Structure formats: structure tokens, C-alpha cells
2 protein chains.
Amino acid sequence: MTALDTAVPLRAAPPELISELEGLLGERLSTASAVREQHGRDESYHTPAAPDAVAFCRTTEEVAAVVKACAARKVPVIPFGTGTSLEGHVAALQGGVCIDVSQMKEVLAVRAEDMDVTVQAGVTRKQLNEYLRDTGLFFPIDPGADASIGGMASTRASGTNAVRYGTMREAVLGLTVVLADGRVIRTSRRARKSSAGYDLTRLFVGSEGTLGVVTEVTLRLHGIPEAVMAAVCPFPGVAEAVNTVITTIQAGVPIARIEFLDEAQIAAVNAYSKTDYAEVPTLFFEFHGSETGVREQVEMVQSIASEFGGTDFQWARSEEERSRLWHARHNAYYAGISMRPGCKAFSSDVCVPISRLADCIVETKADLDGTTMFTPIVGHVGDGNFHVLFVFDPDNAEEIAEAKRLNARIVERALAMDGTCTGEHGVGHGKMAYLEAEHGPDMLDVMASIKRALDPENIMNPGKIVRV
Amino acid sequence: MTALDTAVPLRAAPPELISELEGLLGERLSTASAVREQHGRDESYHTPAAPDAVAFCRTTEEVAAVVKACAARKVPVIPFGTGTSLEGHVAALQGGVCIDVSQMKEVLAVRAEDMDVTVQAGVTRKQLNEYLRDTGLFFPIDPGADASIGGMASTRASGTNAVRYGTMREAVLGLTVVLADGRVIRTSRRARKSSAGYDLTRLFVGSEGTLGVVTEVTLRLHGIPEAVMAAVCPFPGVAEAVNTVITTIQAGVPIARIEFLDEAQIAAVNAYSKTDYAEVPTLFFEFHGSETGVREQVEMVQSIASEFGGTDFQWARSEEERSRLWHARHNAYYAGISMRPGCKAFSSDVCVPISRLADCIVETKADLDGTTMFTPIVGHVGDGNFHVLFVFDPDNAEEIAEAKRLNARIVERALAMDGTCTGEHGVGHGKMAYLEAEHGPDMLDVMASIKRALDPENIMNPGKIVRV
């Protein structure tokens, strides 16, 4: 839907750079067109843009060597994890070399006594949790897709557990980053807090590869809770479900997950995951804590929900039942798309202060009335974050225009409510116009000056987040 | 103790700048020597350096006007909150104009339903909590001193409650900042999470006025817990007390405060606050939660403590008893100094991964054996952070040299344990050498490039954090 900016000059990798990289990586440097094409595309509707070559690095040193070689020729460098981003983050808009970290799969150190872990950037969240299985610890951040930890750090990802455990902003203790000139820095030591200068960890978290390539990540872990309970509860209406969320958060219940699915999304989930939930606005809950702590939380939330007509809690107590429930929730995106075969989808990602959430969703649903598209809503509502999935026919220009218009309205509404245009997907090149609307020219100017300071030749994932 | 660098050129405010500022602020621009001297000094032992004038601003617009006037003449700008920093943060090392925010005292908006608040930078933490008294909400960050919120944001302060509620890094939702050229930015909207570009909020938190002047702060608040209990428990030795802390944190107990005071510190507290605690290594605890939650936490911690010989818990149940207990703890610094009348003090501030904390404190105490100084230890040990207070005779060159040597050893040890030279006090000009040891030249180079990008004329609190 977003056409590529043809005014941007290509800075293609010249043959001598390709040879040099082949000398470094051997067969792990690929120029095969299938490989290149796969690496210019994420899960979004944005027009893909293939890099000139893909470098499958295995160590920080290899990444540094590739970046140095590219920097010497002012050729762009685009990092690639699992390609599950949603705003064209990996598109090689000006050509260049893609650094694929999927072979950087080592868990470098688990320090159970400090509840932290250091991994290479290509380790995915599921692999990490599999690795941690016997330690009594887990990594809670769960954006749905089995994304790489490096990619999650780079987009400041969050997902279903953020309401209790925070986002990648809180989870990352420190990063190893290859800078635009190939130097390697470690942004922080492992102390839980520090006042030692500028917070470069938080600067690189969410910078989407535009300031450097994340090669290693040190993460906080959490103890696996003694007790876990999950539940699904239908509500008479959208406002009732969302007001249950708002009241729960305001009451300070330390809920782990609280997810909203509207009736359209539930219908899609039922069809896709063979479930039989009532096709009405619904909340998915998960409670973590001690046995008595969970019992207390459950009682409070049941009492709140019942005030809003939510009484029919369906409980998932065993790990298997819970896993089925969250599997259905995680497949909401694919379920949505599958409702209109041949169609494409894109997702809005606004996040608003919790007090405005019910208004924001109700007004948004009114906007969606009468569209020919399929537009289910799903949200990490405990954070004030929700997604409208626009499932549109890519051959129908009217639908495309309508999706754009509706999405712009949603962003405008969220900004008017002092919210953000992106709660967790990031900016990529798909949301750059909204970033300007959100922050204004002076903020963007500050961001651009930081970009220029750290990447004076604009080779790090150029054309993303901010124009320089 | 740290002599001022006489090689640094002064950039004094010229008379026409003073006149211009008087035109802007009238009597709120002071050049009286008593006022200037007070504003060049914090609570540290560092040599003070008075600014040329002090501008008592009342609004963001006034701060912007003062910064613009100074920028036009390349005159330094030094922000000043309550002067309670500890590393010479407010010293006008190159002359210039101090911006005193103590008249910026307005609470601009309390949004109870979103659990956040926006304040002007000069509001202190106690004033804020007083203001919030009837809302059921509170601001938990408590560095001891009644610091200004702007100053706390600028040094990334934390203190006794950080183990549960985090530091200013987590507490700040957004800032209004006057940039080095007088432009005003708002770093973030009020959504709880966002992936909308570079995290400028976290960049300015902890930047100590070197990138801009913080004029307004939006903070997360927390619900006042249903139940609060505090306790003091003596231990047979330092290792036993610290291992109780480590085990408590590793067990995931959501304790609100867990503070360590060694026998010397307890003796000083008893003398200063007229308490009668046993003069042995001691922990101060506070538990927040529901009635049953607090009971559960208390049972777990008592059981852990008893394994390490800590059985004699003294409980403070009423608000009055708790307030007496924490008052004694908060006055630890003044209590320490008062043990040697006429002496000065400075405080180390290392923070290490929790697994190394017992070794770090025990080895540090061995270093302190035999010194003629008074050197009590107090710590926010739940975070891995502790302070040695060096109470030294300012006329005794040997003590001064010894304090420097011992402090350097503590920092070296903490860095070797993958810790930080400053958990919460910040860098100022007192810890710049340690910052280099901690981060290495490439990290400092990145920090310097950010500083140059945002403050090309180096007028924002120059000579602090990083050299440019």
C-alpha cells in the first residue's frame, strides 16, 4: 500500500564489496534472488525491497567486519531477525547488505542467581524459554510471533504479558551493538540500576537498526509463578469488556495478561482455531502469583467483571488448556486474514491512556461500521493498546483508500487522547508520517540530530523512523 | 576534594546578558553573592563554583527565554533544584547562569484514573505526596532527601523503594525539556508504552542538565497499598544480613524496601535519632500489598531471615511507628557526619549484580579495617546498591588521600563484578574518571557525540558527565 519513494537514490553494493564479504563469510554471503527477496519482506502489506546481498553472520565480530566493509563504501546495512515486523522495517529501500542474525543462536550465559541471561540476537523468544525450562525462570515478553530477541529489542516489542512484566524497554539490561563505523560497544553492565551517564541501552532499544546493529542482548528474567490461571469471559458489549479492564488496572490488580477480542475477532478465531467461544466481545485473562495471590486476583476480577455483565468465566487451569487458549489468541492475526482468502492485511497499533480506552475503541468501531473490509479488533488492553486488523482486497483501490483513511482517523483520535501511533510495532517506513504528527518537528529534529551523530553517512537501515 | 580544573576557560555572563535577564525576570534575577554561592554548592565535598547569576524562573517559557539569551552569547546554563546532589552537579565550572526551578511548584494535572501526574520541575517529592494525599495514589521514589522531581529525573534517582517500584527511569512517563537553543520539546505522550521512535524520555532522564533543562515531568503513580508493615531485624554478621536480601530477591518476594545498615551506621543512627537498635548489621524492611499478600511476604522473609540467624524482628505497624523507623534510616547520612564534628563526608555509590553483593560488601568492609575515618555502610541492597560514607577530616591530607584510594578500590571491585560506579547519585564532575573506567572510550565517544549533537556550543551544564 505504501509505494516506495522512487526519489531516494539507490546505494547498491558494488561487486568488490560483494567479493570482500564472500571472502569473509564464504557461502554465508548470498546473492541468490530468492534469498534476497525473502529478506526484503516482512509480514506487512508494504511493498518489499530486496537487499543486494544477505550476510548470514555468526558472531559480533563478523557483524562488525561486514559493517566496516559497507561503511567504507557508504553502502546501507539492514539487520534482519525473523522478518516478523509489520512496518517494512527490513525493506532495503536504498539497496545494500542485509545482516541476517538467524545463525546467531547461542545463549551465552544464564545467571539464575541474578535472574538474567545474555543471548545472541538471533535467539527467538520461544527458543530462549525452551532453554530456560529447568531453571525456574522465564522470559515473559510475548509479541505473538516467535520473533528474535534482537528484533524485539530493536522494535521495543511488547505483547500480551506487558501489563505485568513491562516491554522490551524494561526487559533489556544491556546490549552489544555494532556502530555505523564497525566499532562495538556494550551499552551497560549488569547492575539492576545505574546513573552512569546517558542511557544508551534505552536509546538503542526501539531504534530499529537505524543507529547500530544489536548483536547480543542481556535480559532480565522472572521466576515462573507458583500458580497460573487463565480464563475467557464473554461480555454483553465492547464498553462493558473494556470498562472491566480499566477498573481492573485502576484497582492495581497485578494481572499478567488481559486481552480484548471483539465479536468479529472471536468469529475468526473460532473458524481458524476450531474453538467455540460465544461470538461477542470477550476478554482473555491470565493470573500469575502464589496460590493465595492468584485466588485474590481472581476474586477481585470476577467481582469487577460481574458489575459489567461478565459472569460466564471459562477457566483454563492445566498448562495444556492454557496453551490452547493462548494459541488461539496468538493466531488472531492469521485467523483474521483467513476470513477473506486472497486478501492482505495491515494492523493499526495505537495506544492511549487507559481512561480513554473505552471511548477510543467504541468510537473506532463506529467508524468501521459499513466497511466492506473485514476489520476485527484485538488488543493488549491492559496497556491501552489495541489493533484493528484491516483485511483488504489488494486489487480493490477503494478498499485500500478506505483502509488508509480509517487508519488515519484512528491515529488522529489516539493522538487527540494523548496516545501514541504505535504501542509496539514500531515506525519502520510505514508510520513515519504519523511519527511527525505525534511528536512535532522539533522532536523529529532532535531524533534526526542523534541519527546524524551516530550514523553520519546514513547507512544504518536508512529511510526508517526519521528522515535525515 | 576534587580540585576544580583551572585549565577550563570561564565563559562568564557579560553585563548585557545580566541586564537582559533582569528585564525578563525583574527581581527574580539575582547576582547577590550569597545567592550565587549557595547555588554553586550541593551536599557534596566537591569544591563549589558559584554561577554569575541565578534566574528564578516560574514557567517553561521563562526557562526557554533565559536559555535563548544565554545561547546567543554562548554562556553556560546550569539547572538547580534543591541542591541535594552529591557529585558537584550544580557547580558552575565555567561560570554562567544558574536556572533555579524552586519557584516552579505547580502540580499541573493529577489524572487519578490514569494513575499519572504532571508537575513543574521544582515540585519536591514530599510536596507531591502531600498534594496526592486524598487521591489514594502515591509517588514511591524516595532518595532520602526531599529533592525536586526535576532534579530526580535529571540524576535518574532512586532510593529505598526502587526494589519494588523501580527508579526514575521507570517512573517518568514524559518530560518537557528546554533544548540548548531554547526550543521546547515534550518527549512523550501519556500512553503507558510506545514504539514511536527514539526513546528521548529515557535519554533525558539521567542526563543531569547536560542536554537540556527539564521543566515539567509526567510521572506514573501507584495505588497506596491496602496494607503496609515495616520491621527492623538485627543479624549476627554482614554476610548473614546480605544473604537474607539475596535470597529474598531470588525468591521473587515483591518487597517494597529492604535496606542494610552495618554496625557503625546503626551506632550513628542511635546517637543521632535517639533510637536503641542493637549495634550489629541490620536490615530495615517494608512490605506493601493486600492484607493476605503482606502476611505471605512477611512469612517468607521471616523464614529466610531465620536461616541466616535473623530472628528478632521488631515490627512497626502504625504509620507513626513506620515513619519514625524510616526517618531514622533517611537521616543515616547526617547521622554519619555528626559522629565526627567538623568533618566532611562523601559517599561511594556502587551497584552490583545481586549475586555478588555479599562478597562486595564483605571485601569492602575488610578494606575499611584500620582506617582513622568513620566509614559506616548503608545500602539499598535489594537493588545491589550500597554506600560507604567516608567521614574525613578536611584538614588531614592523609585521610583525604586514603578516602580517595579506598573509594577507587570499591569502584574497581564493583566494575570487576560487572557492576556500576554509580547506582543512583549520578556522575556530575566527581565521577567522570570512573565513567570512563566503566564504559570505555567508545561508549564515552558515543555519549560525547550525542552531547555535541544536542548542545553544539557546550553551554548546558558543561564539564559534567562527559568531556567534549
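In this text, all values refer to a predicted model and were calculated from it rather than measured experimentally. First the proteins, then the strands, lettered A, B, ... as listed; each starts at 1.
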Name the member of B:A162, B:C421, B:P353 that forms the most heavy-atom pairs with chain A at distances under 4.5 Å. B:P353
Which one, A:I354, A:I185, A:D442, leads in non-hydrogen pairs under 4.5 Å with chain B? A:D442
For the candidates A:G419, A:G206, A:S355, which exhibits the highest count of non-hydrogen atom pairs separated by less than 4.5 Å from chain B? A:S355
Given B:E296, B:R192, B:M115, the one with more heavy-atom pairs under 4.5 angstrom with chain A than any other is B:E296
Indicate whether any N or O donor in one side chain lies under 3.5 Å from an N or O acceptor in the other, for B:T201 and B:T187. yes
Of the listed residues (A:A112, A:A157, A:G440, A:S158), which shares the most heavy-atom pairs with chain B below a 4.5 Å separation? A:S158
Residue part contacting chain B, namely of A:H380, when any heavy atom lies under 4.5 Å: side chain
Can you tell me which of A:D445, A:V163, A:V350 forms the most heavy-atom pairs within a distance under 4.5 Å of chain B? A:D445
Report the residues that fulfil side-chain hydrogen bond (donor to acceptor under 3.5 Å, both in side chains) with B:R164, sequence neighbours left out, ordered by chain and then residue number. none
Sorted by chain and residue number, the side-chain hydrogen bond (donor to acceptor under 3.5 Å, both in side chains) partners of A:Q250 (sequence neighbours excluded) come out as none
Quick one: of A:D418, A:D199, A:T422, who has the most non-hydrogen atom pairs under 4.5 Å with chain B? A:D418
Interface check, chain A: of B:N385, B:T210, B:L415, B:L137, most non-hydrogen pairs under 4.5 Å belong to B:L415
4.5 Å side-chain heavy-atom contact, B:T420 and B:E438: yes
For the NE2 atom of B:H439 and the OH atom of A:Y198, what is their distance to the nearest 0.5 Å? 11.5 Å
Considering only heavy atoms and a distance below 4.5 Å, find which of A:L179, A:L211, A:L435 pairs most often with chain B. A:L211
Side chains of B:H89 and B:E208: do they bring a donor and an acceptor to under 3.5 Å? yes
Could you tell me whether a side-chain N or O of B:H429 sits under 3.5 Å from a main-chain N or O of B:K464, the two making a donor and an acceptor? no
Greatest number of heavy atom pairs closer than 4.5 Å to chain A - which of B:M417, B:M432, B:E170, B:K451: B:K451
Against chain A, work out which of B:V446, B:L203, B:I465, B:V352 has the most heavy-atom pairs shorter than 4.5 Å and name it. B:V446
Pairs of heavy atoms under 4.5 Å with chain A: top-ranked of B:R190, B:K193, B:K431: B:K193
Residue A:V184 versus chain B: region with a heavy atom under 4.5 Å: backbone
Please classify the contact between A:V466 and chain B as side chain, backbone, both or neither, with a heavy-atom cut-off of under 4.5 Å. side chain
Stepwise side-chain hydrogen bond (donor to acceptor under 3.5 Å, both in side chains) test for B:S194 and A:R156: CA-CA 8 Å; B:S194 171; A:R156 204 180 295 126; 5.1 Å; no
Centroid separation B:H425 to B:H387 less than 6.0 Å: yes
Please examine the side chains of A:H288 and A:N161, heavy atoms only from C-beta on, and report whether any two atoms are closer than 4.5 Å. yes
Using non-hydrogen atoms and a 4.5 Å limit, figure out which bit of A:T167 sits close to chain B: side chain, backbone, both or neither. side chain
The interface call for A:R186 against chain B, heavy-atom contacts under 4.5 Å, is both
Grab the two heavy atoms, one from A:S195 and one from B:V427, that are nearest each other, plus how far apart they are. O-CG2, 3.7 Å
Heavy-atom cut-off 4.5 Å, strictly under: side chain, backbone, both or neither for A:L444 against chain B? neither
